[in-house]
Novice: 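Questions regarding the structure given below will be posed in turn.
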Amino acid sequence: MDIVASFNPSQRQAVETTEGPLLVLAGPGSGKTRVITHRAAYLIRECGINPLCIMVVTFTNKAAREIQDRLGLLLGQQEKGVTLGTFHSICARILRREGKTVGLSPGFVIYDDDDQLSLIKQVLRESNLDAKKYTPRSLLSAISGAKNHLLDTEAYAAQAQSYFEEIVQRVYERYQQLLQRGQAVDFDDLLLKTVDLFNEHPAVLEKYQADYHYVMVDEFQDTNAVQYIFIKQLAAGHRNICVVGDPDQSIYSWRFADIGNIRSFEEDFPGANVVLLEQNYRSTGNILEAASDIIAGNVQRKQNKLWTENEEGVKITVAESLSEAEEAHFVAEEIERLVKEEGMSFKDSAVMYRVNAQSRVPEEIFMRYNIPYRLIGGTRFYHRHEVKDVIAYLRLIHNLQDDLSLLRIINVPVRGVGQRTTQRIQEWAGTKKVSLYDALKQIMNEERSPFNPRITRALTGFVSLIDDLVIESGCLGLPGLIDRVIEKTGYREHLMESEGGESRWENILELREVAAEFSEFEPHEAMVSFLEKVSLVSEVDGLDDEVDAATLITLHQAKGLEFRVVFIIGMEEGLLPHRRAFDSPEEMEEERRLCYVGVTRAKERLYLLRTYCRSFFGTRTANSPSRFLRDISSHLVIKEGSPAGHLKPERIFNSHLVGEDFLDNELTLKIGDYVCHSMFGDGVVVNCFPVRNDYEITVDFKEEGVKKLLFSLAPLEKLEGQEFPVSWR
DNA sequence: CGAAAGGCTCTTTTT
DNA sequence: GAGCCTTTCG
């Protein structure tokens with residue numbers, strides 16, 4: 001098979017330019033993954049390069065697996081040995097092997113986001129800092145920022161100026177201490193420590209430079225400073241570095257990704273070849289044109305011209321509704337129709353949104369319609385409370401110094417060790433500078449326990465429980481060990497007593513299934529690999545294309561995916577673009593890119609939905625349509641107002657989500673009515689809420705904006721016979 | 001010590 | 001409206 005057959009000239013150039021630095025600017029749907037895969041295959045097949053010498057860095061494990069699968073199809077068994085993975089997994093692999101040289105135990109554990117936050121909270125408690133004033137989230141973000149700019153605690157201290165930065169510095173120092181004590185690293189450390197390792201030990205770096213003669217990076221627009229340095233280090237000698245990206249799809253600046261890396265690439269690698277992939281094979285002409293309209297609103301960008309030979313396709317539907325429930329009804333009705341009338345499958349459709357919280361309403365409605373769906377994100381499996389509990393047991397068994405895990409489970413299930421007790425143990429451990437586990441052991445060995453007999457018994461029991469499990473872990477496989485943990489702690493009974501115990505127990509069984517995949521390793525190895533896996537998997541990784549179900553997914557997670565039908569819900573000011581971006585032009589451009597990413601996921605059909613009002617925090621607020629809707633040329637769009645007879649009324653009224661908004665006869669107004677106010681002019685009713693013997697009416701006025709009025713007092717006149725206003729602003 | 005109730009903030013986005 | 005934290009009571 002000819003590897004470059006059926007490629008267009010640019011794609012071909014990207015594949016065949018094997019030597020020297022190469023920058024591929026690839027628009028959405030331009031065959032980016034295909035180019036990467038075929039380039040690797042070309043290196044192996046046509047240039048006779050040993051697969052072991054090739055490294056491909058991707059953004060998600062799913063992308064890595066996809067490339068691996070395709071490579072397998074292309075080359076058969078030959079591809080074995082290409083190093084494929086995310087920055088994080090590749091660095092973890094390097095550190096497992098080389099970490100000793102920088103004082104890192106090979107069995108280190110990786111703390112995920114939740115663990116990081118708990119650690120920060122612990123530091124705050126210890127140092128009597130107010131978690132309200134300095135939120136763990138903001139501190140973590142500051143620390144992560146420091147790490148992503150290669151500032152260790154000392155370097156950070158040297159440049160800290162504001163009071164906040166001084167606080168960060170203090171927390172940062174203690175945070176690192178605790179990580180080290182627990183033989184743990186966080187996500188950022190994986191990269192930072194690898195880069196440090198390469199800096200401090202040139203011989204090690206040289207080894208890897210020699211090993212990896214060809215390096216490719218996917219989603220280059222979303223790399224941050226450390227990641228970029230990492231690949232520059234690897235490529236410094238041979239300069240065989242190929243990066244593929246699209247500045248218009250850069251949506252991770254909040255994770256310190258820097259589009260500037262694309263510009264820097266041409267400076268850092270003078271003479272780099274640049275290939276533009278501008279032909280789109282994915283979307284219809286209309287979808288692509290709408291996408292171009294949207295992204296054209298960004299000033300900070302190089303103009304490029306995407307084009308396609310695909311048909312124009314059907315027009316884009318912009319649908320407006322009165323509530324998020326109705327919005328979801330619209331989506332459900334439409335998916336049903338597509339399946340019944342257009343021969344689509346459920347899995348052809350995806351619903352995309354800005355924030356995870358938006359998934360709840362469509363979920364509920366889909367259940368009522370019996371539309372199978374899979375939810376990506378939300379509370380992620382490995383972040384579930386019960387799953388983390390079991391993982392904490394495993395981590396503690398694996399490493400008795402892991403204070404964070406010990407704290408998590410010392411009283412789970414409840415064994416009479418309360419807050420006060422743990423605090424005293426922590427103080428004791430703090431003064432003796434030992435881990436909590438060691439502290440416990442020592443306290444138990446003292447003549448007279450400082451705790452009362454009941455607590456002492458509980459603590460002794462806990463210590464011997466862990467000791468026993470440690471011994472058993474030496475000979476039991478992971479599933480067996482998990483069984484023993486559950487058995488000895490009575491965790492199952494504990495779960496069953498809690499709400500939703502049944503399904504939570506099933507999560508444990510699922511975790512056990514995953515653990516069983518490591519059965520061929522020897523116990524220690526299995527433990528390390530398993531713990532690494534649970535820290536580094538992401539939600540899209542498990543996305544199974546075989547299941548026939550509609551997908552609910554955030555716009556961020558949708559990057560890199562494609563669907564025949566895409567619904568983007570919540571196209572409203574404040575949501576998309578998110579209100580946080582309002583006062584920052586840079587962030588606003590990122591919102592626009594995010595919207596662009598969503599739109600360009602669609603192959604055949606695109607629906608953009610917005611509602612007049614939506615519950616934010618229990619309170620309903622009216623929103624105006626997203627500015628991005630306005631940017632789409634009107635000839636590409638068909639507008640639909642969903643209340644205009646599209647929905648079966650009984651479905652709306654049966655819905656508790658909507659039902660309570662429509663009130664009884666006393667009230668002569670309902671949501672969606674067109675009204676006239678003697679002072680504020682014309683408007684539309686967006687909410688009615690009963691208060692005492694009256695109703696609070698929220699009206700979105702054409703001129704005056706949103707106002708809340710009392711029904712009995714407001715000089716409101718209902719405008720009969722008015723149609724539901726499809727385009728308000 | 002722990003369960004239960006009340007009060008508080010909170011929403012981006014995730015490897 | 002929920003999840004998390006704090007307070008309160010048994």
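In what follows, every chain begins at residue 1, and chains take the letters A, B, ... in the order their sequences are listed.
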Novice: Give one of base, sugar-phosphate or nothing for A:Arg579, where a contact means two heavy atoms less than 4.0 Å apart.
Specialist: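 Result for A:Arg579 = nothing.
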
Novice: When you check the phosphate oxygens OP1 and OP2 of B:dT14, does a side-chain N or O of A:Gln557 lie under 4.0 Å from one of them?
Specialist: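 Checking B:dT14 against A:Gln557, a side-chain N or O does come within under 4.0 Å of OP1 or OP2.
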
Novice: Quick one: A:Asp189 CG to B:dT15 C1', roughly how many Å, whole number?
Specialist: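 That distance rounds to 14 Å.
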
Novice: Check whether any side-chain N or O of A:Asn356 sits under 4.0 Å from OP1 or OP2 of B:dT13, and answer yes or no.
Specialist: yes

Novice: I'd like to check the side-chain contact (heavy atoms from CB on, under 4.5 Å) partners of A:Glu386; sequence neighbours left out, ordered by chain and number.
Specialist: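 Once residues adjacent in sequence are excluded, the partners of A:Glu386 under the side-chain contact (heavy atoms from CB on, under 4.5 Å) criterion are A:Arg384, A:Tyr491, A:Leu495, A:Arg504, A:Asn507, A:Ile508.
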
Novice: Apply side-chain contact (heavy atoms from CB on, under 4.5 Å) to A:Met367 and list each qualifying residue two or more places apart in sequence or on a separate chain.
Specialist: A:Tyr373

Novice: For A:Trp254 and B:dT13, say yes or no: do the ring centres fall under 5.5 Å of each other while the ring planes differ by less than 30°?
Specialist: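 Yes, aromatic ring over the base.
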
Novice: Checking A:Pro585 now: which residues fulfil side-chain contact (heavy atoms from CB on, under 4.5 Å) with it, not counting sequence neighbours?
Specialist: none

Novice: Taking only side-chain nitrogens and oxygens of A:Ser535, does any of them come within less than 4.0 Å of OP1 or OP2 of B:dT15?
Specialist: no

Novice: Can you find a side chain N or O atom of A:Asn411 that sits less than 4.0 Å from OP1 or OP2 on B:dG2?
Specialist: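 Result: yes.
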
Novice: Sugar-phosphate means primed atoms, P, OP1 and OP2; the rest is base. With that split, encode nucleotides 2-10 of chain C 5' to 3' as B, S or - using protein heavy atoms under 4.0 Å.
Specialist: ---S-----

Novice: Which part of the nucleic acid, if any, lies within contact of A:His88, taking any heavy atom under 4.0 Å across all strands shown: a base, the sugar-phosphate backbone alone, or nothing?
Specialist: base

Novice: Mind checking A:Leu190 for me? I need base, sugar-phosphate or nothing, with any heavy atom below 4.0 Å counting as a touch.
Specialist: nothing

Novice: A:Arg137 near the nucleic acid: base, sugar-phosphate alone, or nothing, with a heavy-atom cut-off under 4.0 Å?
Specialist: base

Novice: Once side chain to side chain donor-acceptor pair (under 3.5 Å) is applied, do any residues pair with A:Thr460, and if so which ones, sequence neighbours excluded?
Specialist: none

Novice: Can we say A:Glu219 and A:Lys559 salt-bridge, meaning some charged N sits less than 4.0 Å from an Asp/Glu carboxylate O?
Specialist: yes

Novice: Looking only at atom P, what distance separates B:dT13 and C:dC4, rounded to whole Å?
Specialist: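 It works out to 15 Å between them.
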
Novice: Run through DNA chain B and report every stem of 3 or more consecutive Watson-Crick or G-U pairs, distances under 3.5 Å, ordered by first number.
Specialist: B:1-10 with C:1-10

Novice: Which is true for A:Phe87 with a 4.0 Å heavy-atom rule: it touches a base, it touches only sugar-phosphate, or it touches nothing?
Specialist: nothing

Novice: For A:Glu587, does the CD atom have more than 12 heavy-atom neighbours from other residues, nucleotides or ligands under 6.0 Å away?
Specialist: yes

